[in-house]
Amino acid sequence: PYIDRQNVIYPISSETPSPLRFTSRTSQWTKYSGRFTVKEFCSQCRIALLVELDSWAAWWGVQVYIANVTFTETPTELSLAPEVHVSEHTVVRIPVIPPFSSVPRENCPHEQAGLKSWGAPQTWGAAVPTFGQNVTLPENSSVLLRGSDLGGELFTFYSADPSTDSTTLPTPTMVHGHFSLITIPETSSLIIDDSALVLGLRGIIVRGSLVLGSPSCRLTNKVQLVFSSPYAHDSELGILVRGGRLEMHGQVSNPPWVRLSRTVMSSNTIVYLQESVNSGAAGNAAGGWKVGAQVVVTGTNWRTLEREESEVRTIKSVREDGRAIELDFPLRHVHYAGKEFQGEVGLLSRSIELYGGRSFAAAYQDGAHVMISQKGVGRISGVAAARMGQTNQLGRYPFHFHKLESSPDSYIVDSAVVESYYRCVVVHGTNNMTVSRNVAFRSRGHCYYLEDGVEESNTFEFNLGSDIYTIH
């Protein structure tokens with residue numbers, strides 16, 4: 001066997017049981033199999049068969065027929081010692097992402113007694129709020145919102161534009177209902193049900209509590225909030241927690257991202273992983289990666305940003321007990337995995353998803369933002385935010401923990417920030433909180449960010465950032 005690369009022949013090592021030998025006047029078909037190992041990394045190689053005869057004289061009158069040739073690739077899987085990264089010069093301990101601790105599903109906020117239905121006129125003391133208007137929840141009320149409260153049917157929120165709309169976590173165009181600003185008073189709570197919901201709105205002002213699940217009762221059905229505003233640089237576009245409490249708990253996955261165990265060649269659809277993504281039980285706790293979820297396979301070329309070699313694909317199937325996934329479409333680039341480093345695969349989809357824009361192509365964009373301030377509390381897990389943040393607008397970031405001082409109850413974990421217009425997770429004047437196990441892909445500006453640099457005792461761990469662009 002030889003490799004023909006750009007019309008140049010390179011001999012490679014051969015591991016065959018024995019050469020195939022013909023005796024004179026052999027006319028029967030002979031089945032033969034052999035093995036060979038490619039010693040040199042090559043992304044676009046062609047394999048050729050070389051037939052050698054015992055002598056020049058043997059060529060005379062010889063006819064050789066070859067049929068039904070099959071090459072089967074068996075890539076070498078990395079066998080790295082746990083928590084050890086090996087290079088030519090050093091050995092570095094790299095911690096393994098710890099598994100998510102599951103707890104029994106109990107105490108679901110949307111199942112508690114005494115909740116008032118959004119769709120009931122008696123909740124409001126008058127007519128149910130109509131679409132497009134500002135809404136303020138009644139005082140001293142816990143209101144449950146379900147898709148069925150809004151009529152249950154989806155209708156067009158805006159017209160899709162395939163020429164510009166992003167295909168990475170694409171923004172829904174159909175919603176169950178839409179409102180302008182929803183205000184939650186200090187004595188009230190808005191609780192979202194664990195059922196399918198697509199809600200369009202300008203923003204939610206939280207002085208009381210906004211609750212989507214809990215750490216012991218995660219939302220497993222898809223809940224999507226689609227933010228839009230007619231105003232440029234709208235400060236009230238998004239979720240603004242002003243002294244209140246934000247609880248957002250979607251289903252999380254073990255692990256949220258993982259390293260490649262084999263180099264993935266261009267045109268391949270099977271990706272092999274160092275850890276299983278099938279772990280966890282469905283329902284409350286950490287479930288496995290699911291068919292239909294989007295993932296990013298990070299680029300491994302040093303010029304990957306320029307060449308846009310990170311690639312987003314959809315999971316078609318999960319194989320090998322979770323140690324491999326099949327993608328819906330072949331990869332265009334090589335994604336390297338060797339002893340010195342390996343590319344990563346990050347899960348982008350979540351059961352709770354926030355949308356602040358429709359396209360990442362434009363140079364400057366205004367998306368929604370989530371801001372916890374005035375000593376409020378934000379507990380966020382299992383949430384994806386797509387095209388959030390406002391480019392070069394101070395304080396308008398996808399997730400912003402703003403001057404909470406000591407806030408050990410606040411955290412953002414097992415979440416994703418996708419195509420951010422301005423940073424990813426910003427901790428400003430806040431101490432003792434946790435930022436862990438998150439995935440960020442395509443962001444303008446510093447991604448995981450301490451705004452003043454005087455913040456103390458915050459934990460940043462096991463976070464993945466890929467394709468982070470400078471701000472112009």
Side-chain angles (χ1 to χ4, degrees), residues 116-121 123-139 141-160 171-193 197-212 223-246 248 352-358 365-374 376 383 385-390 393 395-400 421:
K116 299 180 179 180
S117 173
W118 180 289
T123 297
W124 307 97
V128 175
T130 57
F131 294 160
Q133 71 178 84
N134 292 329
V135 179
T136 299
L137 265 64
E139 297 279 355
S141 299
S142 294
V143 178
L144 176 65
L145 176 59
R146 299 162 294 197
S148 58
D149 292 318
L150 306 177
E153 298 294 330
L154 292 169
F155 62 90
T156 300
F157 189 44
Y158 61 81
S159 299
T171 302
T173 61
M174 308 282 286
V175 298
H176 289 103
H178 67 93
F179 301 94
S180 184
L181 283 179
I182 298 176
T183 300
I184 306 172
E186 291 183 12
T187 59
S188 299
S189 299
L190 176 59
I191 300 169
I192 306 299
D193 186 50
L197 173 67
V198 188
L199 180 64
L201 67 167
R202 176 185 168 202
I204 306 176
I205 298 175
V206 184
R207 302 189 187 279
S209 298
L210 175 60
V211 180
L212 293 84
V223 174
Q224 299 170 306
L225 304 183
V226 183
F227 297 95
S228 65
S229 172
Y231 310 113
H233 310 319
D234 188 351
S235 63
E236 294 185 325
L237 178 64
I239 299 175
L240 309 176
V241 181
R242 295 173 177 171
R245 190 174 190 90
L246 176 62
M248 304 182 76
I352 300 175
E353 295 176 343
L354 314 178
Y355 297 90
R358 297 169 54 185
Q365 290 282 0
D366 282 344
H369 64 125
V370 177
M371 183 178 185
I372 299 98
S373 63
Q374 300 178 19
V383 178
R387 292 166 294 283
M388 301 274 282
Q390 299 178 8
Q393 296 301 305
R396 313 283 170 77
Y397 318 118
F399 294 105
H400 183 194
Y421 300 138

Inter-residue atom distance [X].[atom1] - [Y].[atom2], 0.5 Å rounding:
X: Gln390; Y: Tyr421; atom1: CD; atom2: OH; answer: 10.5 Å
X: Asp234; Y: Ser229; atom1: CG; atom2: OG; answer: 3.5 Å
X: Ile239; Y: Met248; atom1: CD1; atom2: CE; answer: 4.5 Å
X: Asp366; Y: Arg396; atom1: CG; atom2: CZ; answer: 8.5 Å
X: His178; Y: Tyr158; atom1: NE2; atom2: OH; answer: 13.5 Å
X: Leu354; Y: Thr171; atom1: CG; atom2: OG1; answer: 11.0 Å

Which of these, [options], sits in a side chain to side chain contact (heavy atoms under 4.5 Å, CB included) with [X]?
X: Ile192; options: Ile352, Leu225, Leu212; result: Leu212
X: Leu190; options: Val211, Val206, Leu137; result: Leu137
X: His176; options: Leu145, Leu150, Asp149, Leu199; result: Leu150
X: Leu246; options: Ile204, Leu240, Leu210; result: Leu210

Say whether, by atom type as modelled, one donor and one acceptor occur between the side chain of [X] and the main chain of [Y] under 3.5 angstrom.
X: Ser189; Y: Ile191; result: no
X: Glu236; Y: Arg202; result: no
X: Thr136; Y: Thr183; result: no

Close side-chain approach of Trp124 to Pro129, heavy-atom, < 4.5 Å = yes
Is the closest side-chain heavy-atom distance between Ile205 and Arg242 below 4.5 Å?
->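 Heavy-atom side-chain distance check passes, below 4.5 Å.
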Counterpart residues, side-chain hydrogen bond (donor to acceptor under 3.5 Å, both in side chains), relative to [X] (two or more places apart):
X: Glu353; result: Lys222, Gln224, Tyr355
X: Arg207; result: none
X: Ser141; result: Lys116

side-chain contact (heavy atoms from CB on, under 4.5 Å) partners for Glu153, two or more places apart |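 Listed in chain order: nothing, the list is empty.
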Residues that His400 engages under ring pair (Phe, Tyr, Trp, His ring centres under 6.0 Å), provided they are two or more places apart |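 Ring pair (Phe, Tyr, Trp, His ring centres under 6.0 Å) check on His400 returns Tyr397, His402.
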Just jot down the ring pair (Phe, Tyr, Trp, His ring centres under 6.0 Å) partners of Phe179, sequence neighbours excluded, or say none.
-> Trp118, Phe131
At their closest point, which heavy atom of [X] faces which heavy atom of [Y], and how far apart are they?
X: Gly357; Y: Arg387; result: O-NE, 3.1 Å
X: Val128; Y: Gly119; result: CG2-O, 3.5 Å
X: Arg146; Y: Ser117; result: NH2-OG, 3.1 Å
X: Gly395; Y: Met371; result: O-SD, 4.3 Å
X: Ala368; Y: Gly238; result: CB-CA, 3.8 Å
X: Gly200; Y: Val175; result: N-CG1, 4.0 Å

Does CD belonging to Glu186 count more than 12 external heavy atoms closer than 6.0 Å?
-> no
Worked check of side chain to side chain contact (heavy atoms under 4.5 Å, CB included) between Phe399 and Val383 | CA-CA 11 Å; Phe399 294 105; Val383 178; 4.2 Å; yes
